[in-house]
2 protein chains.
Amino acid sequence: MKAKIDYSIYLVTDEVALKGRELLPVVEEALQGGVTLLQYRNKNGEGGKLYAEALALKKLCDKYNVPLIIDDRLDIAIAVGAAGVHIGQDDIPCKIARQVLGDDFIIGVSAHNPAEAQQAIDDGADYLGCGAVYATTTKEKVTALGLDGLAAIRKAVQIPMVGIGGVDLTNAKDVLATGVEGIAIVRAILGAQDVTATTQEFVKIKKNM
Amino acid sequence: MKAKIDYSIYLVTDEVALKGRELLPVVEEALQGGVTLLQYRNKNGEGGKLYAEALALKKLCDKYNVPLIIDDRLDIAIAVGAAGVHIGQDDIPCKIARQVLGDDFIIGVSAHNPAEAQQAIDDGADYLGCGAVYATTTKEKVTALGLDGLAAIRKAVQIPMVGIGGVDLTNAKDVLATGVEGIAIVRAILGAQDVTATTQEFVKIKKNM
């Protein structure tokens with residue numbers, strides 16, 4: 001059965017955003033602060049490293065009862081028993097991922113406009129990651145949608161959506177005001193001086209909406 | 001059911017070895033020349049590109065009734081219906097790959113010494129890729145086993161083995177003389193001026209053993 005997902009505060013890992021800190025302790029601080037969903041994203045690791053890190057994150061997520069999503073690698077998701085995968089427009093097509101994974105895995109798809117969003121839904125996506133909401137240094141080549149672009153996708157589709165890209169404590173409220181279920185955060189949490197306190201601030205903003 | 005594999009002439013793809021030529025036509029020329037097994041290896045592509053290329057290679061392999069093995073990515077192997085995967089020492093562990101794939105997929109493991117070979121067998125490997133037999137520019141950091149190193153692994157284990165690394169028309173006979181079931185070839189075929197004729201030469205060498 002598919003895991004029940006709370007998309008509110010969706011932390012996405014990124015090695016650069018850690019600025020040299022260790023992944024696992026930082027993620028644990030974020031989980032303590034109230035992250036509701038974790039995505040393990042690592043575009044550079046060998047399969048063995050990805051598997052080992054994903055497995056360690058799975059154990060950590062289980063401790064906090066938070067589902068784990070794996071970026072791109074369906075095989076790693078299956079191997080560690082993750083709740084699902086997240087697929088970009090350049091990854092294995094969503095339709096094929098659904099065939100490989102069956103109905104019990106969550107599949108999230110990155111969508112940058114209403115057409116991509118609708119295609120993802122047609123192909124079996126459970127949720128959408130939409131962005132970049134703001135310009136971001138995590139993905140340099142990406143053009144920002146802005147709040148209007150995000151709202152346009154929100155208006156067009158019904159499935160859960162998270163806004164991603166440059167989301168921080170100063171703009172999280174605006175992003176959530178578009179009607180998305182959650183915010184996907186990279187640097188604002190992973191790079192925070194006090195990871196737990198910063199995460200708690202995001203949780204507060206969501207609760208006050 | 002597991003595909004029946006002829007390990008004799010095992011072509012392994014490599015983008016650099018193609019020297020700018022297109023992958024699919026070169027592979028087809030090699031299949032026409034008598035390649036008995038194909039491995040799709042691409043360490044740099046996004047999942048979508050890997051899937052598309054693997055699918056195209058699967059169709060090509062089916063045409064020549066040659067099994068397809070996918071390097072590292074179990075998910076791509078499942079998605080395109082490949083015969084199996086090949087796993088390096090830095091990839092998803094063989095034992096985990098076997099759990100993910102079940103018993104119907106071929107799993108090959110790179111082994112550089114008898115201990116790694118035995119471990120791979122214990123973990124469920126179907127065949128071993130052993131090397132580098134000779135120093136090679138395809139994998140620059142690898143130390144060469146030499147024929148003696150290859151023979152030592154051959155002596156230690158019973159499952160099918162292929163020698164890989166710097167195998168060409170001048171040394172293929174020596175490699176096969178160690179008792180391995182096949183030779184894995186990269187540059188000597190992909191970079192050959194006449195791919196089909198060169199492959200036919202390898203087939204001849206194997207037949208005359």
Side-chain angles (χ1 to χ4, degrees), chain A residues 39-56 58-59 69-82 84-102 104-105 107-112 116 119-120 123-125 139 141-142, chain B residues 39-56 58-59 69-82 84-102 104-105 107-112 116 119-120 123-125 139 141-142:
Chain A
Q39 180 186 137
Y40 174 50
R41 183 170 73 183
N42 182 342
K43 292 290 191 194
N44 300 313
E46 305 257 16
K49 187 192 169 188
L50 297 182
Y51 170 73
E53 283 197 341
L55 192 65
K58 175 65 167 61
K59 284 179 187 166
I69 302 287
I70 306 291
D71 176 65
D72 178 26
R73 297 271 312 225
L74 283 51
D75 47 0
I76 302 286
I78 298 168
V80 305
V85 297
H86 188 89
I87 288 171
Q89 292 289 326
D90 292 333
D91 293 334
I92 292 184
C94 178
K95 203 172 171 175
I96 304 301
R98 180 58 76 201
Q99 286 170 18
V100 170
L101 295 173
D104 289 348
F105 279 80
I107 300 182
V109 172
S110 299
H112 310 92
E116 286 182 1
Q119 186 64 54
D123 291 345
K139 292 201 170 183
K141 288 176 200 162
V142 169
Chain B
Q39 180 186 138
Y40 174 50
R41 184 170 73 183
N42 182 343
K43 292 291 189 193
N44 300 313
E46 304 258 18
K49 187 192 169 187
L50 297 181
Y51 170 73
E53 282 198 341
L55 192 65
K58 175 65 167 61
K59 284 180 187 167
I69 302 286
I70 307 290
D71 175 64
D72 178 27
R73 296 270 312 224
L74 283 52
D75 47 0
I76 303 284
I78 299 168
V80 305
V85 297
H86 188 89
I87 289 171
Q89 292 289 326
D90 293 330
D91 294 334
I92 292 183
C94 179
K95 203 173 171 176
I96 305 301
R98 180 58 77 202
Q99 287 170 17
V100 170
L101 295 173
D104 288 347
F105 279 81
I107 300 182
V109 172
S110 299
H112 310 91
E116 285 182 1
Q119 185 64 53
D123 291 344
K139 291 200 171 184
K141 290 176 199 162
V142 170

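Below, chain A is the first sequence line, B the second, and so on; all start at residue 1.
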Are any of the side-chain heavy atoms of A:L50 and A:Y40 separated by less than 4.5 Å?
-> yes

Between B:Q89, B:R73, B:K49, B:E46, the one whose heavy-atom pairs under 4.5 Å with chain A are most numerous | B:R73

Under 3.5 Å donor-acceptor, A:R98 side chain and A:F105 backbone = yes

For A:K59, which residues count as a salt bridge (charged side-chain N to carboxylate O under 4.0 Å, His left out) partner, sequence neighbours excluded?
-> none

Count the heavy-atom pairs under 4.5 Å between each of A:D72, A:L101, A:I78 and chain B, then report the option with the highest count.
-> A:D72

Just wondering, do B:D123 and B:P93 contact through their side chains at under 4.5 Å, heavy atoms?
-> no

Given a strict heavy-atom distance threshold of 4.5 Å, which part of A:I92 is in contact with chain B: side chain, backbone, both, or neither?
-> both

